[in-house]
Amino acid sequence: QVQLVESGGGLVQTGGSLRLSCAASGGAFSNYKMAWFRQAPGKEREFVAAISRNGISTRYADSVKGRFTISRDNAKNTAYLQMNSLKLEDTAVYYCAADSAAVIFTNSGRYDYWGQGTQVTVSS
């Protein structure tokens, strides 16, 4: 059973940057691919980015390509989401997710483990 704890959310102005962290415990971190999803008020949870178990492969939602970067440090059992050039529409609760399958999925239903979420608010 993997436990995930996100941190790093907060309030930032448009064009600013934030780095989210997802600390994992309770399992072999390198056995899990990691992903970030987000959910804005009144909207469904949506895929943001994912990274393979060895960190070589990544995948991004079109809305964040070129602005967000997902990474991981298997020695620290932590995944990251570097968010640059933030826009108002990036405001959401951001969730970290993990799954042991090798294939990177964008469907939230394919992820077994979830963190509690961290709020990101972008203001003008």
Side-chain angles (χ1 to χ4, degrees):
Q1 186 87 9
V2 176
Q3 291 83 44
L4 304 173
V5 178
E6 302 97 333
S7 61
L11 175 65
V12 64
Q13 290 187 323
T14 53
S17 299
L18 281 175
R19 188 176 82 154
L20 305 183
S21 298
C22 174
S25 61
F29 184 67
S30 59
N31 287 348
Y32 297 89
K33 67 173 182 286
M34 302 299 295
W36 290 93
F37 288 78
R38 66 187 182 187
Q39 188 166 18
K43 295 187 177 181
E44 293 186 352
R45 191 169 298 189
E46 65 173 358
F47 171 79
V48 175
I51 188 167
S52 61
R53 293 177 291 190
N54 58 11
I56 292 177
S57 299
T58 58
R59 187 168 179 178
Y60 295 92
D62 288 343
S63 59
V64 306
K65 278 181 183 176
R67 300 188 299 122
F68 290 12
T69 302
I70 189 171
S71 62
R72 65 189 296 159
D73 186 337
N74 285 352
K76 294 183 178 180
N77 292 347
T78 303
Y80 304 96
L81 185 68
Q82 177 67 44
M83 305 186 295
N84 299 328
S85 302
L86 283 161
K87 304 177 180 180
L88 292 175
E89 52 264 41
D90 294 319
T91 295
V93 177
Y94 282 71
Y95 297 91
C96 175
D99 180 72
S100 60
V103 178
I104 292 180
F105 301 115
T106 60
N107 185 337
S108 61
R110 301 301 296 265
Y111 288 82
D112 295 326
Y113 306 102
W114 292 85
Q116 82 290 349
T118 185
Q119 176 70 47
V120 172
T121 302
V122 184
S123 65
S124 58

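The main-chain N or O of Glu44 is never found under 3.5 Å from a side-chain atom of Glu46 such that the two would form a donor-acceptor pair. Side chain of Thr118 to main chain of Tyr94: no donor-acceptor pair is present (N/O by atom type, distance under 3.5 Å, no hydrogens or angles). Although no hydrogens or angles enter the test, the distance criterion places a donor-acceptor pair under 3.5 Å between the side chain of Glu6 and the main chain of Gln116. With hydrogens and angles disregarded, a donor-acceptor distance shorter than 3.5 Å links the side chain of Arg72 to the backbone of Ser52.
At a threshold of 4.5 Å between side-chain heavy atoms, the hydrophobic network of Ile, Leu, Val, Met, Phe, Trp and Tyr places Leu81 and Tyr111 in two separate groups. Note on Leu20: it does not cluster hydrophobically with Tyr80, by side-chain heavy-atom contacts below 4.5 Å among ILVMFWY residues. Hydrophobic clustering (side-chain heavy atoms under 4.5 Å, transitive across Ile, Leu, Val, Met, Phe, Trp, Tyr) groups Phe105 together with Tyr95. Residues Phe47 and Leu4 are members of separate hydrophobic clusters, defined by side-chain heavy-atom contacts under 4.5 angstrom among Ile, Leu, Val, Met, Phe, Trp and Tyr. The hydrophobic clustering, which links ILVMFWY residues whose side-chain heavy atoms are closer than 4.5 Å, places Trp36 and Trp114 apart.
Considering all non-hydrogen atoms of both residues, Gln39 and Ala92 come closest at O-CB, 3.4 Å. Scanning both residues, Leu18 and Gly8, for their nearest heavy atoms gives CD2-O, 3.8 Å. Residues Arg67 and Leu86 approach most closely at NH1-CA, 3.9 Å, considering heavy atoms. When every heavy atom of Ile104 is checked against every heavy atom of Ala50, the shortest pair comes out as CG2-CB, 3.4 Å. Residues Thr106 and Phe37 share a closest heavy-atom pair of O-CE2, 3.4 Å. Of all non-hydrogen atoms in Val48 and Val64, the two that sit nearest each other are O-CG2, 3.5 Å.
Enclosure of atom CD in Glu89 by more than 12 non-hydrogen atoms of other residues, nucleotides or ligands within 6.0 angstrom is indicated.
Residues Ser21 and Lys76 form no side-chain contact, since every pair of their non-hydrogen atoms from C-beta on lies 4.5 Å or further apart. Between Met83 and Asp90 there is no side-chain heavy-atom pair separated by less than 4.5 Å.
Note that SG of Cys22 and CG of Asn77 are 10.5 Å apart. Values are rounded to the nearest 0.5 Å. To the nearest 0.5 Å, the span separating CG on Asp112 from CD on Gln1 amounts to 9.0 Å.
Here Lys65 pairs with Asp62 in a salt bridge; the nearest charged N to carboxylate O distance falls below 4.0 Å.
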_Check against side chain to side chain contact (heavy atoms under 4.5 Å, CB included), Leu11 and Gln119_ = CA-CA 8 Å; Leu11 175 65; Gln119 176 70 47; over 6 Å; no
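With Asp99 as the partner, the salt bridge (charged side-chain N to carboxylate O under 4.0 Å, His left out) test is satisfied by one option alone out of Arg53, Lys33, Arg110: Lys33.
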